Number of protein chains: 2
Amino acid sequence: MKKKISIYDIAREMNVSSATVSYVLNGKAAEKRISKTLEQRIMAYAREVDYRPNMIAKSLRTGKTRTIGMLVEDVADPFFGNAARIMEGIARQLGYQLLFASTDNNPAVARGLLDVFRGAQADGYIIAPPPGLEQDVQALQEDGLPVVLFDRYFVGIPTTNVVADNFGGAYKATRHLQHNGHRRIALVTAESGQVQMGDRLRGYIQAMEEEDLPILTFNASTFPGIKSAIS
Amino acid sequence: MKKKISIYDIAREMNVSSATVSYVLNGKAAEKRISKTLEQRIMAYAREVDYRPNMIAKSLRTGKTRTIGMLVEDVADPFFGNAARIMEGIARQLGYQLLFASTDNNPAVARGLLDVFRGAQADGYIIAPPPGLEQDVQALQEDGLPVVLFDRYFVGIPTTNVVADNFGGAYKATRHLQHNGHRRIALVTAESGQVQMGDRLRGYIQAMEEEDLPILTFNASTFPGIKSAIS
DNA sequence: TTGAAAGCGGTACCAC
DNA sequence: GTGGTACCGCTTTCAA
């Protein structure tokens, strides 16, 4: 159980002040015009004793945690799992740590999670919002916290979102089938009331209407086995 | 952008010291024999201004972060994704926050991740270790940090592990097929050199040997399409 | 070139 | 019953 070493320990050992050590360790040696020799000595010693800064203390002082809270519907879902994993890698490269949590698409759960993240002083938020989270997202923004929505968004409330082109995708897919000579084309979807689903439906409908074809939709949620068609 | 309120703000408003506020907010009012009325007043005010403790400051002072670092092979993998999600829920119920990271089953990556977690002062670790992480796991333990391995473990190094009964499972499955009259039973596996795979293989072999049946194994990694048998 | 010291927001010991 | 205050480890201003 090697004892934690702090910048004071190394300052004492080097006969300098903690400030000097802090400067050197943060690459501000040049800026603060600290002698090259001193800098070398400190760096060498820090490496020797395997100094690791206490991020907690740093965060308390700077007010930044380099932490991003990420809310998805379910981390175990392949779509969100992959998204989480990829974003995690990118974040880490940029020196950020992602905090994940699953909302179950439940706004109450999501609210609780946001509270946890706020308690942890997350610097920013990446959210795949469940329906009903409008207020909370707005509250975050009003408090000056960076928020980006993904996979879904709220119509009417101004946010930065990254979403697939659901409308265009459904439209193109439908057109493609039409070009291949198909006439009876159905859309299997979920009636979740979520905006991304609605966008797909609209894309499909628009393509069908342009060709004056009948609209056919399967509701995957009410017919899990996909046994019958509605409308 | 409502300003962050601290216990000092509350203390000033209530004309008491920050110490008193801290006691009340931490349920130590009775223990510290603080008057019921004062307690009520402070609680009410805290609620009114929606006070949220700064966990960073709390962590710095107490040395505990109520955070657990979790290393899996791949968060996007359904097995690990589900494990992550379930553990996350339990942890949160207990007031802990899980930090996830994917090792890609690469010890170098895992080491870097452990460094990040240590920097974040994680209170404990849950690890599905890649081969070659023995030293690092031992180092954690020597530093007095709680570690639990899951899904795999290292033979010979003493750790707390939670793993499936791979040997017993393979043995029972094989026996089951034998009881149903099958004689040529093959094991499709991966030659990963990982202990859990070896355990399964041993369970299968033992069951086959007890009946004097021929050992047949498919190596799923060298024959991804599972086209031919070896041995 | 370098260092003293004031915080960041809490906790908890000890005194009154 | 309540409060003063030192301290957790680090950053940063200001002075020397």
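Please read these numbers as outputs of a predicted model, since none were measured by experiment. We use all heavy atoms of the structure for the numbers below, so side chains are in, but hydrogens, waters and symmetry mates are not.
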Open item on the list: Does I127(B) form a side-chain contact (heavy atoms from CB on, under 4.5 Å) with M70(B)? I'd like the steps, not just the answer.
Closed with: CA-CA 6 Å; I127(B) 309 177; M70(B) 177 163 170; over 6 Å; no
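- Considering only side-chain atoms of A19(A), the nucleotide from dG9(C), dT2(D), dA5(C) that sits closest is dA5(C).
- Considering only side-chain atoms of S17(B), the nucleotide from dT11(C), dG3(C), dG3(D) that sits closest is dG3(D).
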Polar atom pairs (N or O), protein with nucleotides 14-16 of chain C, under 3.5 Å:
none

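- Closest approach to the Y51(A) side chain among dC10(D), dT1(C), dG10(C) is made by dC10(D) (side chain taken as heavy atoms from C-beta onward).
- No engagement by K64(B) is indicated, since no non-hydrogen atom pair under 4.0 Å with the nucleic acid exists.
- Residue-level contact check: S22(A) touches the bases, meaning some heavy atom is under 4.0 Å from a base atom.
- S59(A) comes within 4.0 angstrom of nothing in the nucleic acid, heavy atoms only.
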Task: side-chain contact (heavy atoms from CB on, under 4.5 Å) assessment of T160(A) paired with L149(A) - done: CA-CA 6 Å; T160(A) 303; L149(A) 264 31; over 6 Å; no
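- Using a 4.0 Å heavy-atom cutoff across all strands shown, L60(B) reaches at least one base atom of the nucleic acid.
- A sub-4.0 Å separation between OP1 or OP2 of dT2(D) and a side-chain N or O of S35(B) is present.
- Distances from the side chain of Y8(B) to the nucleotides dA12(C), dG10(C), dA4(C) place dG10(C) closest.
- Taking atom CD of residue Q121(A) and atom C1' of nucleotide dC8(C), one finds them 11 Å apart after rounding to whole Å.
- One finds no side-chain N or O of K58(A) lying less than 4.0 angstrom from the OP1 or OP2 phosphate oxygen of dC8(C).
- Taking atom CD1 of residue I10(B) and atom C1' of nucleotide dT2(D), one finds them 17 Å apart after rounding to whole Å.
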Open item on the list: Go through it in stages, so that I can follow the logic: the residues are D199(A) and Y153(A), the test is side-chain hydrogen bond (donor to acceptor under 3.5 Å, both in side chains), and I'd like the CA-CA distance, side-chain angles, deciding distance and then a yes or no.
Closed with: CA-CA 11 Å; D199(A) 286 347; Y153(A) 60 93; 3.2 Å; yes
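- The CE-P distance, from M14(A) to dT2(C), rounds to 14 Å in whole Å.
- One N or O on the side chain of S59(B) and one on the backbone of K64(B) form a donor-acceptor pair closer than 3.5 Å.
- Counting heavy atoms from C-beta on, the side chains of R200(A) and F167(A) never come closer than 4.5 Å.
- Put simply, CD1 on I56(A) is 15 Å from C1' on dT11(C), counting in whole angstrom units.
- Atom CD1 of I90(A) and atom CZ of R85(A) lie 12.0 Å apart (nearest 0.5 Å).
- Rounded to a whole Å, the CG atom of N54(B) is 13 Å from the C1' atom of dC8(D).
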- [ ] Please lay out, stage by stage, how Y125(A) and I68(A) fare under the test side-chain contact (heavy atoms from CB on, under 4.5 Å).
- [x] CA-CA 6 Å; Y125(A) 298 79; I68(A) 297 173; 5.8 Å; no
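- Considering only the side chain of I7(B), dT11(C) comes nearest among dG3(C), dA5(C), dT11(C).
- Using a 4.0 Å heavy-atom criterion, one finds that L38(A) contacts the sugar-phosphate atoms exclusively.
- In the set dT2(C), dT2(D), dC7(D), dC7(D) carries the atom at the smallest distance from any side-chain atom of R61(B).
- As a whole-Å value, the separation of E31(A) CD from dT12(D) C1' is 11 Å.
- Atom CG of L25(A) is separated from atom C1' of dT11(D) by 12 Å (rounded to the nearest Å).
- Between V72(B) and A128(B), the shortest heavy-atom distance links the atoms CA-CB, 4.2 Å.
- Put simply, CG on N26(B) is 17 Å from P on dG9(C), counting in whole angstrom units.
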